[in-house]
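First up is the structure itself, then whatever we jot down about it.
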Amino acid sequence: MASKKYLNAPFYPYLTLPISLYILEPFSNDKEHTMTDTNDKLLKLRHSTAHVMAEAVLQIFPEAKIAIGPAIENGFYYDFDLPRSLKPEDLEEIEKRMQEIMKAKLDFVKKVVTKDQALEIFKNQPYKLELINELPETEEISTYTQGEFTDLCRGPHVENTRDLNFKAFKLLNVAGAYWRGDEKRPMLQRIYGTAWDNPKDLRAHLDWLKEVEKRDHRRLGKELDLFSLHEEAGPGLVYWHPKGARVRHEIEKFWKNEHYKNGYELLYTPHVGKSWLWETSGHLDFYAEGMYPEMIMDKANYYAKPMNCPFHIMIYKNSMRSYRDLPFRWAELGTVYRYEKSGTLHGLMRVRGFTQDDAHIFCTPDQMESEIIEVLRFSLFFLKSFGFEKIQAYLSTRPEKAVGDPALWKAAEESLKKAIESEKLEYDIDEGGGAFYGPKIDLKIKDAIGRSWQLSTIQFDFNEPERFGMTFVDTDGKEKRPYMIHRALLGSIERFFGVYLEHCAGAFPVWCAPVQVALIPVAEAFNDYAREIETKLKAMDVRVWADLSDDRMNQKIRKAQNEKIPYMLVLGEKEAESKAISLRPRQGEQKNLIPFDDFTQFLMEKITNKDLL
RNA sequence: GCCAGGAUAGCUCAGGGGUAGAGCAGCUCACUCGUAAUGAGCAGGUCGUGCGUUCAAAUCGCAUUCCUGGCUCCA
């Protein structure tokens with residue numbers, strides 16, 4: 001059931017499987033192209049284009065069964081049950097016929113019909129019949145007809161096919177899709193297309209798609225030699241190459257330092273544990289199919305951990321805890337393993353082994369509110385450190401089936417809301433959208449090309465403290481239940497790395513770039529000077545690469561540029577004489593003959609401030 | 001998991017029933033050159049894996065693994 005659409009969902013710390021909305025809003029700077037601005041005009045136009053496509057498909061396959069064909073973000077689709085599977089060439093034929101239909105200037109004619117009439121009209125269309133029969137009695141049933149094609153549809157539509165610009169749409173791809181998204185129902189063929197008001201907008205959207213492809217983290221990961229995956233060694237398991245590991249190390253170093261600075265302690269816990277843990281936590285009941293299968297050893301069943309929380313709870317329960325000890329803020333870069341269906345694996349975005357930037361906060365009821373506010377502030381600090389300024393919060397509240405006292409839920413929800421408001425974040429409330437064990441806040445960021453990704457999640461848990469019988473001794477000498485909050489800021493390191501890689505298109509800021517400075521001697525005669533500079537920079541912990549190959553200077557620059565190394569230092573006779581360098585930044589203007597000390601000062605500032613360039 | 005497409009040298013890709021091809025990368029040699037590709041040469045795959053059809057398979061068929069695009073967006 002999961003799909004690529006869910007790639008922007010984070011890895012939840014606890015029991016739920018990731019479910020999330022996919023928001024794709026290209027051209028964040030260009031209102032014309034965003035869905036928010038999508039006036040009915042574009043919606044109508046796209047939906048009408050879907051109808052035109054259905055007509056074209058029926059011309060080719062008169063026996064085709066049609067399902068549904070809505071407008072979606074940037075375009076539309078239509079699902080068909082066809083006698084054979086479509087080939088890419090079919091799309092061209094369909095497109096051609098669609099253009100003919102548009103040029104024919106056909107009216108879209110609406111007709112209100114009775115249920116019986118509708119059943120008669122669509123008697124050969126089983127999917128439509130199913131829809132008709134499920135319509136509420138009160139609902140007006142209408143059909144829209146253009147040319148030879150009539151569809152069950154509530155509209156609205158454009159008036160005439162001439163309102164559709166036959167040069168402003170394009171069919172993109174064919175895909176399988178279950179009827180009504182249900183894997184037990186028949187698999188239909190879905191044709192996706194994109195449609196716009198004018199050819200210029202279409203062009204812009206196609207360019208955007210190209211940009212998405214160019215930034216694909218799988219492509220960049222290969223080009224920049226950052227990581228790899230190996231089917232023969234296990235799908236969905238990531239191998240970090242030296243350069244990728246360097247970036248990851250820098251990110252993790254930053255993460256750890258900031259946690260210590262912000263009142264957290266770090267933990268390390270095992271990767272496997274006996275079934276008792278997962279029976280107690282409830283994972284084996286609710287989540288078994290998401291776990292790697294058991295390993296049997298010394299007559300006990302062990303599981304690779306899909307979550308870190310039970311381990312942190314073990315540490316909590318290791319001794320008596322007093323209200324004086326709380327809150328505990330325990331963080332761990334914990335690598336977990338989950339069985340993700342083979343069809344859902346995708347580069348670094350969806351994998352089977354990944355590292356959560358996890359933490360659990362155990363606190364008293366009194367502390368809950370300030371802890372939540374603090375966690376949210378800390379999340380925002382991290383996201384902003386990486387240059388994500390546009391942040392949207394989503395608050396999910398108590399679902400019908402839930403554990404825990406409703407009053408506790410209410411209080412938790414209130415404190416979550418207060419935290420969001422104190423940070424003045426935009427937010428949406430998903431009523432009843434919380435997990436069964438507690439309400440949560442999710443944070444979504446928007447990347448450089450306008451796509452939304454969910455990264456942080458802050459979740460209450462009324463379940464595990466109960467199941468594990470966690471307690472603390474309160475001021476009155478009585479044992480009470482602590483509050484437990486799960487939170488991940490970046491989500492998982494792997495996925496965050498993928499998102500960030502796409503966000504910056506491979507051009508990491510200097511502080512975490514795998515190579516920070518490239519040295520480019522103009523000719524062999526200046527290799528010595530390059531070595532001298534290299535030694536000095538290395539002594540300052542700068543990651544430097546001296547290109548002493550016998551390539552020509554132009555070639556060296558090209559290589560460094562393609563590797564997206566932030567700074568290139570060109571070194572020749574003039575530089576060597578005056579102990580200077582010529583600076584060619586990966587972006588921006590070059591500056592010649594800068595005193596070396598000036599450069600290092602500039603560089604160190606960039607690095608320590610984590611400048612994003 | 002399901003539907004469709006794909007898997008050919010490290011990378012990007014061409015070819016297609018008669019025993020494999022390009023560019024880049026790599027290696028060697030020459031060149032020592034001021035801001036995005038110096039030139040020449042060499043080496044490198046049995047065409048994802050298995051089984052089958054055939055005189056003959058990378059090319060056809062079946063199976064399998066992995067990859068890619070999709071699989072709630074309610075007429």
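Under the 3.5 Å distance criterion, with hydrogens and angles disregarded, a donor-acceptor pair is assigned to the side chains of A:S228 and A:H230. Between the side chains of A:W545 and A:Q516, no donor-acceptor pair is found at a separation under 3.5 Å.
Among the heavy atoms of the strands, none lies under 4.0 Å from A:R219. No contact: A:K556 has no heavy atom under 4.0 Å from any strand. Looking at heavy-atom distances under 4.0 Å, A:E134 makes no contact with the nucleic acid at all. At the heavy-atom level, A:Q561 lies under 4.0 Å from base atoms of the strands shown.
The separation of B:rG10 from B:rG45, taken at their C1' atoms, amounts to 11 Å, rounded to a whole angstrom. Remark: the separation of the P atoms in B:rG17 and B:rA58 is 13 Å, to the nearest Å. Comparing B:rG23 with B:rA37, their C1' atoms are spaced 12 Å from each other, to the whole Å.
Rounded to an integer number of Å, the gap from A:D81 CG to B:rC71 P is 18 Å. Put simply, CZ on A:R552 is 8 Å from P on B:rG39, counting in whole angstrom units.
Between A:Q590 and A:A525, the residue anchored nearer the 5' end of RNA chain B, judged by the nucleotide with its closest heavy atom, is A:A525.
Partner of A:H217 under the side chain to side chain contact (heavy atoms under 4.5 Å, CB included) criterion, chosen from A:H346, A:H503, A:K222: A:H346.
Ion pairing of A:K440 with A:D442 is present here, as a side-chain N (NZ or NE/NH1/NH2) and a carboxylate O approach within less than 4.0 Å. Remark: A:R215 does not engage A:D447 in a salt bridge, criterion side-chain N to carboxylate O under 4.0 Å.
The base-pairing partner of B:rA9, taking Watson-Crick or G-U wobble contacts with both distances under 3.5 Å, does not exist among the strands shown. Taking a pair to require two hydrogen-bonding distances under 3.5 Å in either a Watson-Crick or a G-U wobble arrangement, B:rA40 pairs with B:rU28.
Listed pair A:R190 / B:rG69 fails the phosphate criterion, with no side-chain N or O lying under 4.0 Å from OP1 or OP2.
You'll find that the side chain of A:E524 is closest to B:rU32, out of B:rU32, B:rC67, B:rA36.
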